[in-house]
Amino acid sequence: MAEKKSSWDLAKGEQLRLKQEALLEEAAILFNHKGYSATSLEDIAERLNITKTAIYHYVKNKSDLLYQCYLRAMDATEECYEKADASGANGLEKIVHYLRLDAASGPIAMTPLSELDSIKNETARNKLAARLDQCEIQFQNFIIEGIKDGSIAECDPKMTMQFILGASRWTMKWYSPKGQKALSEIVEDFLSFVLKGLIPR
């Protein structure tokens, strides 16, 4: 029988998890704003007010840090798709639910733009690429569902998916937690533009 962990051990484990989440969040923000190549571990350490050495308690190197950011982002994104699919009554509602849920996940769900090729582990990179493809297919399926049920106007599902997801990812490039608008507010503004194009006239 496994030994039950003490409250002290559980507290230390939670502290470790929170620190790792903070590391991934700051790294994702910097990778989005500056790009992977232009961001150093020193930059991230400075943002967190820790030493560069401390980062190596959580990741092997910068490439591993990028991988962990993608992994965490994909976990959050897939969870958002599952919830949106379960709660939306039609295709349009599922898209709206997904975009709001994704924003509610915060910066941790930010997938660094066009940086997948920087992950050196080919097997890990290919697995992430496959998961990204599946997420895009899921969004495209929401659009197809909406066209069929009448909640979305006739359009090219793949091109519409690329437009909406492409635009939403770019908002992450200039979003800042210290900015004037919360991410949820930005998403509502973004949705107002998207809905004007999707809702049948």
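Values below: all heavy atoms of this structure, side chains included; hydrogens, waters and symmetry mates excluded.
If you chain together hydrophobic residues whose side chains sit under 4.5 Å apart, Met161 and Ile199 fall into the same group. In this structure, Tyr81 is a member of the same hydrophobic cluster as Leu191, with clusters built from ILVMFWY side-chain heavy atoms closer than 4.5 Å. With hydrophobic clusters built from ILVMFWY side chains whose heavy atoms lie under 4.5 angstrom apart, Phe193 does not share a cluster with Leu198. Linking Ile, Leu, Val, Met, Phe, Trp and Tyr whenever their side-chain heavy atoms come within less than 4.5 Å puts Val187 and Phe163 in one cluster. Cluster membership check: Val194 shares its hydrophobic cluster with Phe142, using side-chain heavy-atom separations under 4.5 Å among Ile, Leu, Val, Met, Phe, Trp and Tyr.
Pairs passing the salt bridge (Lys or Arg N to Asp or Glu O under 4.0 Å) check and including a residue from residues 126-146, sequence neighbours excluded, read Asp75-Arg131, Glu78-Arg131, Lys94-Glu145, Glu136-Arg169. The side-chain hydrogen bond (donor to acceptor under 3.5 Å, both in side chains) pairs that include a residue from residues 152-167 number zero, where partners must be two or more places apart or lie in different chains.
At least one donor-acceptor pair under 3.5 Å links the side chain of Glu93 to the backbone N or O of Ala89. Without hydrogens or angle criteria, Tyr70 side chain to Leu116 main chain gives a donor-acceptor distance under 3.5 Å. A donor-acceptor pair under 3.5 Å links the side-chain atoms of Arg201 to the main chain of Lys196, judged by distance alone. Distance alone, capped at 3.5 Å, places no donor-acceptor pair between the Lys52 side chain and the Ser40 backbone.
When every heavy atom of Arg125 is checked against every heavy atom of Asp117, the shortest pair comes out as CD-CA, 3.8 Å. Pairing each heavy atom of Cys69 with each of Ala28, the nearest pair is SG-N, 3.9 Å. Between Pro200 and Ser151, the shortest heavy-atom contact is CD-O, 3.3 Å. Shown here for Lys62 and Ser37, the closest heavy-atom pair between the two residues is NZ-O, 3.8 Å. Residues Asp149 and Gly146 share a closest heavy-atom pair of OD1-O, 2.9 Å. When every heavy atom of Phe190 is checked against every heavy atom of Ala167, the shortest pair comes out as CE1-CB, 3.6 Å.
The SG atom of Cys135 sits 9.0 Å away from the CG atom of Leu165 when rounded to the nearest 0.5 Å. Between the NZ atom in Lys19 and the CG atom in Leu16 there is a gap of 8.0 Å [rounded to 0.5 Å]. Here NZ of Lys34 is found 9.0 Å from CD1 of Ile44. Values are rounded to the nearest 0.5 Å. Taking CG of Asp43 as the reference point, atom CD of Glu26 lies at 11.5 Å (rounded to 0.5 Å). Taking CG from Asn121 and CG from Leu128, the interatomic distance works out to 9.5 Å, rounded to the nearest 0.5 Å. Going from atom CG of Leu30 over to atom OG1 of Thr39 covers 5.0 Å, rounded to the nearest 0.5 Å.
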(Q) side-chain contact (heavy atoms from CB on, under 4.5 Å) for Gln68 and Tyr58? Distances and angles first, verdict last. (A) CA-CA 10 Å; Gln68 295 298 331; Tyr58 305 95; over 6 Å; no

**Q.** Steps toward side-chain contact (heavy atoms from CB on, under 4.5 Å) verdict (Leu195, Leu92)
**A.** CA-CA 9 Å; Leu195 293 176; Leu92 183 64; 3.7 Å; yes

Q) Can you check side-chain contact (heavy atoms from CB on, under 4.5 Å) on Thr77 and Leu132, steps first, answer last? A) CA-CA 9 Å; Thr77 299; Leu132 279 168; over 6 Å; no

Q.
What verdict does the side-chain contact (heavy atoms from CB on, under 4.5 Å) test give for Ile95 and Ile152, after you've listed the backbone C-alpha separation in whole Å, the side-chain angles of each residue and the deciding distance to 0.1 Å?
A. CA-CA 10 Å; Ile95 287 173; Ile152 293 176; 3.7 Å; yes

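Residues Val59 and Tyr67 have side chains not in contact (no heavy-atom distance under 4.5 Å, counting atoms from C-beta outward). Side-chain contact between Gln134 and Ile137 is present, with at least one heavy-atom pair separated by less than 4.5 Å. Between Ser63 and Tyr36 there is a side-chain heavy-atom pair separated by less than 4.5 Å. Leu71 is not listed as a side-chain neighbour of Leu24, based on a closest heavy-atom distance of 4.5 Å or more. Taking the side chain as every heavy atom from C-beta outward, Leu65 and Phe31 approach each other to under 4.5 Å.
By the 6.0 Å contact criterion, CD on Glu46 is open, its count of non-hydrogen atoms from other residues, nucleotides or ligands being 12 or less.
Salt-bridge formation is detected for the pair Glu21/Arg72: a Lys NZ or Arg NE/NH1/NH2 atom is positioned less than 4.0 Å from an Asp or Glu carboxylate oxygen.
Phe139 and Tyr98 have perpendicular rings, their planes meeting at more than 60° on a 0 to 90° scale where under 30° would count as parallel.
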